[in-house]
*Asks:* 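Take a look at the following structure, please.
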Amino acid sequence: MAGTDAGGRQSGQYVQVQTTTDSRLEAMDLARAAVAARLAACGQVAGPVASTYWWNDEIERAEEWFVFFKLPADGYEALAAFLDERHSYDEPEIIATPIVAGSASFLAWMTDETTQRDAGIPRQREADVPAPSASPG
């Protein structure tokens, strides 16, 4: 059954990285750009959330949107640099949380989808490969 295989991966091999933005549009743009660059296998946007925090010695309140990225842990630095460069905040939230367990197929999918490919050459999945013909010709 899909999703029930107990990922035999070592703890900390995968992470979920989160950030927040002050607009849904920016959140969606960050998610799409990171996935398009293969810095994350998945980018999810959720919100809005009400945030209260200190900024410039004052308590601030704002409506924000979460962006969650899923990726192999060895890609964290590249994603963090990307977010730091592209984010509109002076001090963006960039937090990584280890994924301690997951289905082996989903974890493998994260690795596969964050592997760089030659532009214009689609990846051929096993299901896309025709089965050998039983008859010649």
Side-chain angles (χ1 to χ4, degrees):
M1 180 185 299
T4 60
D5 46 343
R9 310 279 180 177
Q10 195 171 33
S11 179
Q13 191 173 352
Y14 296 91
V15 294
Q16 177 172 281
V17 175
Q18 74 181 48
T19 191
T20 55
T21 69
D22 63 0
S23 77
R24 183 178 188 276
L25 179 61
E26 182 180 8
M28 296 295 290
D29 287 346
L30 287 172
R32 178 158 176 63
V35 170
R38 299 225 180 253
L39 296 172
C42 176
Q44 297 172 307
V45 174
V49 297
S51 296
T52 303
Y53 53 91
W54 283 102
W55 187 251
N56 294 327
D57 293 326
E58 293 187 24
I59 293 180
E60 298 283 336
R61 295 178 79 183
E63 181 176 278
E64 294 185 298
W65 297 81
F66 276 112
V67 188
F68 300 101
F69 301 96
K70 293 169 182 65
L71 60 144
D74 62 2
Y76 168 77
E77 292 298 330
L79 178 62
F82 168 87
L83 291 172
D84 196 44
E85 178 184 314
R86 301 263 314 240
H87 206 291
S88 65
Y89 286 4
D90 293 337
E91 189 63 49
E93 169 186 350
I94 303 172
I95 297 173
T97 304
I99 296 173
V100 298
S103 73
S105 59
F106 184 79
L107 298 175
W109 172 81
M110 281 196 281
T111 297
D112 193 41
E113 296 306 328
T114 54
T115 301
Q116 295 297 321
R117 296 178 183 49
D118 292 331
I121 301 175
R123 180 173 48 88
Q124 192 172 36
R125 297 182 186 270
E126 223 174 280
D128 296 337
V129 178
S133 176
S135 60

*Asks:* Going by the rule side chain to side chain donor-acceptor pair (under 3.5 Å), which residues pair with Gln16 if we only count those two or more places apart in sequence or in a different chain?
*Replies:* Lys70
*Asks:* Taking Tyr14 for its side chain and Leu107 for its backbone only, find out whether a donor-acceptor pair lies under 3.5 Å.
*Replies:* yes
*Asks:* Give, for atom OG of Ser23 and atom CG of Asp29, the distance between the pair rounded to the nearest 0.5 Å.
*Replies:* 7.5 Å
*Asks:* Is it true that a side-chain atom of Glu93 and a backbone atom of Thr21 form a donor plus acceptor pair closer than 3.5 Å?
*Replies:* no
*Asks:* Considering residues at least two apart in sequence or located in another chain, which fulfil the side-chain contact (heavy atoms from CB on, under 4.5 Å) criterion with Ala80?
*Replies:* Tyr76, Ile94
*Asks:* Locate the shortest heavy-atom distance separating Ala40 from Leu71; write the atom from each residue and the value.
*Replies:* CA-CB, 4.1 Å
*Asks:* Can you tell me how far apart SG (Cys42) and CD (Glu113) are? Round to the nearest 0.5 Å.
*Replies:* 10.5 Å
*Asks:* Nearest heavy-atom pair of Pro48 and Glu63: which atoms, and what distance?
*Replies:* CB-CG, 3.2 Å
*Asks:* What are the two closest non-hydrogen atoms of Phe69 and Ala34, and how far apart are they?
*Replies:* CE2-CB, 3.6 Å
*Asks:* Taking atom CD of Glu58 as the centre, report whether more than 12 heavy atoms of other residues, nucleotides or ligands fall under 6.0 Å from it.
*Replies:* no
*Asks:* If hydrophobic residues (ILVMFWY) are linked whenever their side-chain heavy atoms come closer than 4.5 Å, directly or via other members, who joins Ile95 in its cluster?
*Replies:* none
*Asks:* So which residues get pulled into Leu25's cluster when ILVMFWY side chains under 4.5 Å apart are joined, directly or through others?
*Replies:* none
*Asks:* Kindly state each residue pair satisfying ring pair (Phe, Tyr, Trp, His ring centres under 6.0 Å) with at least one member in residues 35-67, sequence neighbours excluded.
*Replies:* Phe66-Phe68
*Asks:* Show me the donor-acceptor pairs, under 3.5 Å and distance only, between side chains in residues 82-92 and residues at least two apart or in other chains.
*Replies:*
{"unit_1": "His87", "atom_1": "ND1", "unit_2": "Tyr89", "atom_2": "N", "d": "3.0"}
{"unit_1": "His87", "atom_1": "NE2", "unit_2": "Thr19", "atom_2": "OG1", "d": "3.4"}
{"unit_1": "His87", "atom_1": "NE2", "unit_2": "Thr20", "atom_2": "O", "d": "2.7"}
{"unit_1": "Ser88", "atom_1": "OG", "unit_2": "Glu26", "atom_2": "OE1", "d": "2.7"}
{"unit_1": "Ser88", "atom_1": "OG", "unit_2": "Glu26", "atom_2": "OE2", "d": "3.1"}
{"unit_1": "Tyr89", "atom_1": "OH", "unit_2": "Asp22", "atom_2": "N", "d": "3.0"}
{"unit_1": "Tyr89", "atom_1": "OH", "unit_2": "Glu64", "atom_2": "OE2", "d": "2.7"}

*Asks:* Can you see which heavy atom on Val15 is nearest to which on Ala73, and at what distance?
*Replies:* CG1-CB, 3.9 Å
*Asks:* Have a look at Val17 and tell me which of Val67, Leu39, Leu79 forms a side-chain contact (heavy atoms from CB on, under 4.5 Å) with it.
*Replies:* Leu79
*Asks:* Hydrophobic clusters join Ile, Leu, Val, Met, Phe, Trp and Tyr when side-chain heavy atoms are under 4.5 Å apart, directly or via other members; which others share one with Val35?
*Replies:* none
